[in-house]
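Here the structure comes first, spelled out in structure tokens, and everything after it is commentary.
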Amino acid sequence: MQKPSLIINRKFYERDTLKVAQDLLGCFLVRDYRGKIWRALITEVEAYLGEKDLASHASRGRTPRTETMYGEPGYAYVYMIYGIYHCLNIVTEKKDFPAAVLIRSVRIESVDHRKTNGPGKLCNFLKIDRKLNRWDLTKGEKLWLEPRDPKIKLSKIQKSKRIGIDYAQHCREYLWRFSIKS
DNA sequence: CTCGGGATTGAG
DNA sequence: TCAATCCCGAGC
């Protein structure tokens, strides 16, 4: 497989997280695993924004785990949940400001959508685990992102409450989950 | 299973 | 007194 011609660059990620989250819809998450390449259309994401966001791991400040979120934008933040699943996040905003976009659902051509329609499921399918934590997504190796096809018109972005964050008090109400029809 | 917080322990 | 260690709750 040839080197990708279009890779989303670091400036794209170094912006307001809510903007980046919505701009990622319709983009492609590309995974090269031992020479096999999948191009996954991003259809659902959630934003996690700053220490004030009680739903974010960073709400408790800098810890060894959250260090990735405080780092440079354009890196992967991968963590394990429930001891079974991995979740893939894309680090956003400037260094030292903790924020990221969780990839919740993707669609891959000729793959049953039920295999990739959840954050844990898509990591399982794309062989994404903590070895890819802090991976630089702008290198065009192993895991990177490519822009939307400008020819394809994006359906209206749906905004809704984030999933599975009942503990986050008032932050539960934020409409920081974004999706497109897929 | 992994993390992080509070509780407990124990060295000095 | 305080840091290392234990333990428990929570996590899409």
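FYI, side chains are in, hydrogens and waters are out, and symmetry mates aren't considered; it's all heavy atoms of this structure. The sequence lines fix the lettering, A, B, ..., with proteins before strands; numbering per chain opens at 1. Treat the numbers as computed from the prediction; the structure is a model and nothing was measured.
- Screening residues 73-85 of chain A for side chain to side chain donor-acceptor pair (under 3.5 Å) gives His57(A)-Tyr77(A) as the qualifying pairs, with residues at least two apart or on separate chains.
- Rounded to the nearest Å, the gap between the C1' atom of dC12(C) and that of dG5(B) is 22 Å.
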Restricting both atoms to N or O, compile the protein contacts to nucleotides 8-12 of chain C shorter than 3.5 Å, with distance only.
residue : atom : partner   : partner atom : Å
dG11(C) : N2   : Tyr82(A)  : N            : 3.3
dG11(C) : N3   : Tyr82(A)  : N            : 3.4
dC12(C) : OP2  : Tyr167(A) : OH           : 2.5
dC12(C) : O3'  : Ile163(A) : O            : 2.4
dC12(C) : O3'  : Gly164(A) : N            : 3.1

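- In this structure, Thr66(A) contributes its side chain and Met69(A) its backbone to no donor-acceptor pair below 3.5 Å.
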Start with the C-alpha gap between Tyr33(A) and Trp38(A), add the side-chain angles, then the distance that decides, and say whether ring pair (Phe, Tyr, Trp, His ring centres under 6.0 Å) holds. CA-CA 8 Å; Tyr33(A) 181 73; Trp38(A) 289 285; 7.0 Å; no

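- Using a 4.0 Å cut-off between charged side-chain N and carboxylate O, Arg104(A) and Glu46(A) make a salt bridge.
- Contact check on Lys121(A) versus Asp112(A) returns no salt bridge, with no Lys/Arg side-chain nitrogen under 4.0 Å from an Asp/Glu carboxylate oxygen.
- Taking a 4.0 Å limit (strictly below) on heavy-atom distances, residues 67-78 of chain A does not reach DNA chain C anywhere.
- A donor and an acceptor atom, one from each side chain of Thr43(A) and Arg107(A), are nowhere located under 3.5 Å apart.
- Applying the salt bridge (Lys or Arg N to Asp or Glu O under 4.0 Å) rule to pairs touching residues 165-182 of chain A yields Glu44(A)-Arg177(A), Lys161(A)-Glu173(A), sequence neighbours excluded.
- Boundaries of the chain A contact region on DNA chain B are dC1(B) to dG5(B), first to last in 5' to 3' order (nucleotide atom under 4.0 Å from a heavy atom).
- Annotation: salt bridge (charged side-chain N to carboxylate O under 4.0 Å, His left out) contacts of Lys11(A) (sequence neighbours excluded): Glu14(A).
- Between Trp176(A) and Tyr174(A), the angle of the ring planes lies from 30° to 60°, which puts this pair in the tilted group.
- Within 4.0 Å of Arg130(A), counting heavy atoms only, lie sugar-phosphate atoms of the nucleic acid but no base atom.
- Of the charged side-chain nitrogens involved, at least one lies within less than 4.0 Å of a carboxylate oxygen, so that Asp23(A) and Lys19(A) count as a salt-bridged pair.
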